[in-house]
Amino acid sequence: MPLVPMKELLLEAEKGKYAVGAFNCNNMEIIQAIINAATIEKAPVIVQASQGAIKYAGIDYIVALTKLAAEKAPVPVALHLDHGTDFNQVCLCIAKGFTSVMIDGSKRSIEENILVTNKVIEVAHSAGISVEAEIGKIGGTEDNVHVSEAEAAYTDPEEAKYFIENTHPDALAIAIGTAHGQYKGVPKLDFERLSKIHALIDTPIVLHGSSGVPDDALREAIARGVSKINIDTNIREAFMAAAKDALAANPKELDPRKVLGPAREAMTEIVREKIRIFGSSNKA
Ligand code: G3H
Ligand code: 13P
Ligand code: ZN
């Protein structure tokens with residue numbers, strides 16, 4: 001079916017008390033793995049591309065591949081810009097066919113974050129496109145920029161309320177102890193903070209940096225109000241492990257399909273696993 005705005009998927013998830021998986025893509029095999037997994041699980045799904053992914057693959061390829069895969073699939077798919085930091089980049093994504101955009105103003109002051117988020121909302125909403133905003137700073141590496149543990153800042157619930165009252169995005173990313181990339185230890189989430197934020201705002205909540213978060217912690221986060229969960233690193237791990245195994249088994253392999261095929265299968269499996277943990281199987 002045609003790509004859908006993210007907002008409708010998240011409102012259904014809130015009602016049904018599950019989360020929609022948002023999986024990062026960088027090439028055709030990853031897009032196919034995400035949408036194949038969602039199709040097998042009969043789950044709504046979000047395919048997302050970072051600015052780095054767009055730079056790598058080219059925006060027209062990301063849009064065309066995702067649109068094609070979505071149109072062939074019997075489940076609803078949204079195409080979302082992940083961590084957009086630039087107003088012009090966001091406008092380009094909207095013009096090219098993304099059905100959702102994130103404006104990540106988390107590195108700006110709260111007032112500047114409100115200003116840029118409202119600028120994006122005005123353009124996006126007039127085109128029927130959903131908007132995710134962010135308040136608080138998520139640790140780890142994104143777009144090759146590293147936010148250390150010391151720089152990461154948990155979302156303040158009152159600040160989140162103030163931000164939402166002055167913006168009204170369709171989803172809000174918060175920082176409650178997760179970080180992008182691989183964890184050194186086991187991440188500990190601040191569930192009380194999550195519940196406080198959820199009690200103060202009626203906007204769907206997004207959890208970033210979710211690879212490596214224990215399954216039970218993900219379930220608890222959903223029970224306390226998270227309705228979109230971002231996964232990138234687990235997909236990269238599955239891709240690279242399967243590709244390395246295929247090459248190790250046959251170091252003289254000449255056919256890229258013998259490497260990329262198993263990688264695509266491994267990614268499909270991990271995406272299916274996450275979808276089941278998020279409770280979104282059979283929700284399409
Ligand atoms: O938020 C970070 C995502 O994992 C995207 O990472 O900027 O390397 O594509 P990337
Ligand atoms: P991970 O790579 O830690 O799964 O984070 C993904 C993410 O938050 C993308 O925005
Ligand atoms: Zn993120």
**Item:** Full working for side-chain contact (heavy atoms from CB on, under 4.5 Å) between V116 and T85
**Value:** CA-CA 9 Å; V116 71; T85 49; over 6 Å; no

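- In this structure, K283 is positioned above the aromatic face of Y18, its NZ or CZ under 6.0 Å from the six-membered ring centre and within 45° of the axis.
- Distance check: L65 CG to L79 CG gives 10.5 Å after rounding to the nearest 0.5 Å.
- You'll find the side chain of Q48 stays beyond 4.5 Å of the side chain of M102, heavy atoms only.
- Atoms CD and CD1, from E29 and I235 in turn, are 13.0 Å apart once rounded to the nearest 0.5 Å.
- With V213 as the partner, the side chain to side chain contact (heavy atoms under 4.5 Å, CB included) test is satisfied by one option alone out of I229, V186, L218: L218.
- Residues I30 and I40 fall into different hydrophobic clusters, defined by Ile, Leu, Val, Met, Phe, Trp and Tyr side chains chained together at heavy-atom separations under 4.5 Å.
- We find that E12 and K15 are joined by a salt bridge, their nearest charged nitrogen and carboxylate oxygen being less than 4.0 Å apart.
- Taking the six-membered ring wherever Trp is involved, the centroid distance between the rings of H180 and H83 falls below 6.0 Å.
- Hydrophobic clustering of Ile, Leu, Val, Met, Phe, Trp and Tyr side chains at less than 4.5 Å, counting indirect connections, keeps L10 apart from F98.
- Taken from CG in N113 to CZ in F163, the straight-line distance is 4.0 Å, to the nearest 0.5 Å.
- With respect to E192 and R224, no salt bridge is recorded, no charged nitrogen being found less than 4.0 Å from a carboxylate O.
- Rounded to the nearest 0.5 angstrom, H168 NE2 and D202 CG are separated by 9.0 Å.
- To the nearest 0.5 Å, the span separating CD1 on I270 from CG on N234 amounts to 5.0 Å.
- Considering CD1 of I164 and NZ of K161, their distance stands at 11.5 Å, rounded to 0.5 Å.
- More than 12 heavy atoms of other shown residues, nucleotides or ligands fall within 6.0 angstrom of atom CZ in F87.
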